[in-house]
Amino acid sequence: MPFEAYYLSPENDLKYHLSETDVKSIFESKQGLLWVDISATTPEDGEFLKRTFDFHHLAIENCVDPRIFPPKVDDFGDYLFVIVHGINHAAESDIVETAELEIFLGRHFVVSNHSAPLYSVESIKHLVEEADDRPMRKGADFLVHALIDTLVDNVLPTIDRMSDRAEEIEESVIQNPQPSILEAIMQLKRSTQRLHRVMALQRETIGRLSRGEFRIIAPEAQIFYRDIYDHMVRIEEWNQILRDRADNALSTYLSSVANRQNETMRVLSIVATIFMPLTLLAGIYGMNFEHMPELGVDWAYFAVIGFMGLAGMVALWFFWARTWLGRRRWQVTNVKPFKVDPHKIIGYAPAMDHIKRWQKDLLGN
């Protein structure tokens with residue numbers, strides 16, 4: 001049951017590496033600000049959430065259940081339960097994978113829960129530990145804003161990579177329409193569809209947090225949530241543009257394949273046209289009539305062969321003059337697998353520092 005807990009006292013003293021007993025006593029005191037982050041969620045974490053915070057069992061089920069739930073916000077009176085999604089940058093996949101982040105927001109506490117590693121959460125931890133605990137000084141609603149804002153901002157490198165891949169596809173789809181390009185197009189389409197299913201609902205969720213619907217979120221914090229809402233609108237627009245580009249690339253691919261088939265049929269037609277008169281001559285002189293005048297001429301065979309060769313050369317010259325014959329160089333085009341540059345992800349470096357620190361702790365160094 002790995003978790004990290006941070007506590008900012010009313011005197012602005014920051015404490016972390018808290019035990020479960022410390023977390024429970026601080027939560028019951030309702031003083032300062034407590035942040036608990038749970039990663040790699042297990043059923044034991046559900047029991048921890050129940051006995052320590054007494055959260056609603058439906059919210060706890062959403063945290064423990066390995067299934068992916070859509071973004072939403074539930075008001076339980078004393079706290080809000082929010083589900084938002086980001087990009088799972090740790091997933092090894094050619095299709096965009098989303099990661100779920102559950103947040104409990106109260107007056108004096110924030111509990112975040114996620115099964116997949118999130119660089120955005122690690123960046124906030126880094127700020128809390130190394131930057132004079134700025135994300136926790138303004139209150140729980142501002143801390144949740146920092147978590148969601150960084151999570152949403154980390155979608156942008158993925159959008160940029162998808163745009164780069166769309167350009168690669170558009171350059172290759174006309175020059176060399178091959179099955180690997182079709183596979184890349186379908187991967188891009190599935191990625192945009194997966195983002196659309198999540199971000200459309202998430203935009204409405206962020207909108208509810210920014211409209212003053214919940215008293216836990218202070219009026220001075222609502223404008224910051226509206227800023228996240230604006231980011232969501234832009235992400236949705238960019239994703240829609242990528243969906244249209246993928247559809248256009250698919251249409252272009254199918255047209256290019258049809259054109260290639262037409263070129264193949266043209267070449268076959270040209271070959272058939274060239275050999276048609278030759279076949280006619282071979283058929284005429286292949287008849288077994290007894291009285292054929294040319295059979296008695298010594299040079300008749302060579303004359304027919306020469307005429308057949310001349311007819312084939314004239315046909316080739318005619319097709320070449322009409323530019324119906326051409327040379328085309330086909331090259332194998334491999335679209336690079338979908339992978340975001342990790343250095344463009346907010347919190348990547350702090351996450352690596354945390355991983356190294358955890359490895360040292362496990363090894364006992």
Side-chain angles (χ1 to χ4, degrees), residues 2-8 14 16 33-41 45 49 53 55 59 62-63 69 71-74 79-90 98-158 198-199 201-203 205-210 214 216-218 220-232 235 345-351 354:
F3 74 88
E4 292 189 54
Y6 302 87
Y7 174 59
L8 185 66
L14 179 66
Y16 48 94
L33 177 58
L34 173 67
W35 176 29
V36 179
D37 179 67
I38 303 174
S39 59
T41 313
D45 296 312
L49 293 174
F53 302 97
F55 291 143
N62 289 155
C63 295
F69 293 93
K72 67 174 183 177
V73 53
D74 293 331
Y79 59 91
L80 298 179
F81 177 64
V82 184
I83 296 180
V84 289
H85 284 252
I87 301 299
N88 186 2
H89 295 285
T98 59
E100 185 177 322
L101 175 64
E102 300 91 4
I103 301 175
F104 295 89
L105 169 59
R107 296 286 183 184
H108 303 284
F109 68 88
V110 172
V111 178
S112 56
N113 177 82
H114 52 96
S115 298
L118 295 175
Y119 296 123
S120 56
V121 176
E122 298 300 329
S123 69
I124 302 302
K125 291 180 182 178
H126 176 73
L127 291 177
V128 169
E129 295 179 5
E130 306 294 339
D132 199 21
D133 52 78
R134 286 180 297 173
M136 299 182 66
R137 283 188 179 275
K138 294 184 179 181
D141 48 0
F142 280 91
L143 175 59
V144 171
H145 161 266
L147 289 171
I148 299 177
D149 184 47
T150 312
L151 185 74
V152 171
D153 287 344
N154 269 350
V155 179
L156 298 179
T158 298
V198 171
M199 296 305 167
L201 295 175
Q202 186 155 304
R203 182 177 60 181
T205 300
I206 302 301
R208 293 184 62 189
L209 295 175
S210 65
F214 308 104
I216 293 179
I217 299 178
E220 55 269 20
Q222 293 170 12
I223 187 173
F224 293 94
Y225 285 91
R226 285 196 291 270
D227 181 68
I228 302 178
Y229 180 82
D230 293 339
H231 292 179
M232 292 299 307
I235 288 173
I345 302 170
I346 300 176
Y348 173 76
H354 275 278

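The chain is numbered in sequence order, starting from 1.
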Measure the spacing between [atom1] of [X] and [atom2] of [Y] and express it to the nearest 0.5 Å.
X	Y	atom1	atom2	value
Asn113	Asp45	CG	CG	6.5 Å
Tyr225	Leu209	OH	CG	6.0 Å
Ser123	Asn154	OG	CG	7.0 Å
His231	Ile148	NE2	CD1	13.5 Å
Lys125	Asp37	NZ	CG	4.0 Å
Cys63	His114	SG	NE2	11.0 Å

Minimal non-hydrogen separation, [X] against [Y], with atom names:
X	Y	value
His89	Thr158	CE1-OG1, 3.4 Å
Val198	His85	CG1-CB, 3.2 Å
Glu102	Phe81	CB-CE1, 3.8 Å
Gly106	Ala140	O-CB, 3.3 Å
Phe109	Tyr79	CZ-CB, 3.8 Å
Val84	Val82	CG1-CG1, 3.9 Å

- Residues in side-chain hydrogen bond (donor to acceptor under 3.5 Å, both in side chains) with Ser115, at least two apart?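 side-chain hydrogen bond (donor to acceptor under 3.5 Å, both in side chains) list for Ser115, sorted by chain: empty.
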- Message: Once salt bridge (charged side-chain N to carboxylate O under 4.0 Å, His left out) is applied, do any residues pair with Arg203, and if so which ones, sequence neighbours excluded?
- Response: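 Counting only residues at least two positions away or on another chain, Arg203 forms no salt bridge (charged side-chain N to carboxylate O under 4.0 Å, His left out).
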- Stepwise, does the side chain to side chain contact (heavy atoms under 4.5 Å, CB included) test hold for Ile217 with Leu105? CA-CA 9 Å; Ile217 299 178; Leu105 169 59; 4.1 Å; yes
Side-chain heavy atoms of [X] within contact of [Y], under 4.5 Å:
X	Y	result
Ile38	Leu49	yes
Leu34	His108	no
Met136	Val110	no

- Query: For the ring pair Phe104 and Phe53, is the centre-to-centre distance below 6.0 Å?
  - Reply: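 For Phe104 and Phe53, the ring centres are not under 6.0 Å apart.
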- Message: Consider side chain to side chain contact (heavy atoms under 4.5 Å, CB included). Of Leu8, Leu127, Val144, Leu147, which one does Pro135 pass it with?
- Response: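 Filter result, single survivor: Leu127.
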- Task: Can you sort out the partners of Phe142 under ring pair (Phe, Tyr, Trp, His ring centres under 6.0 Å), two or more places apart, ordered by chain and number?
- Result: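 Phe142 satisfies ring pair (Phe, Tyr, Trp, His ring centres under 6.0 Å) with Phe224 only.
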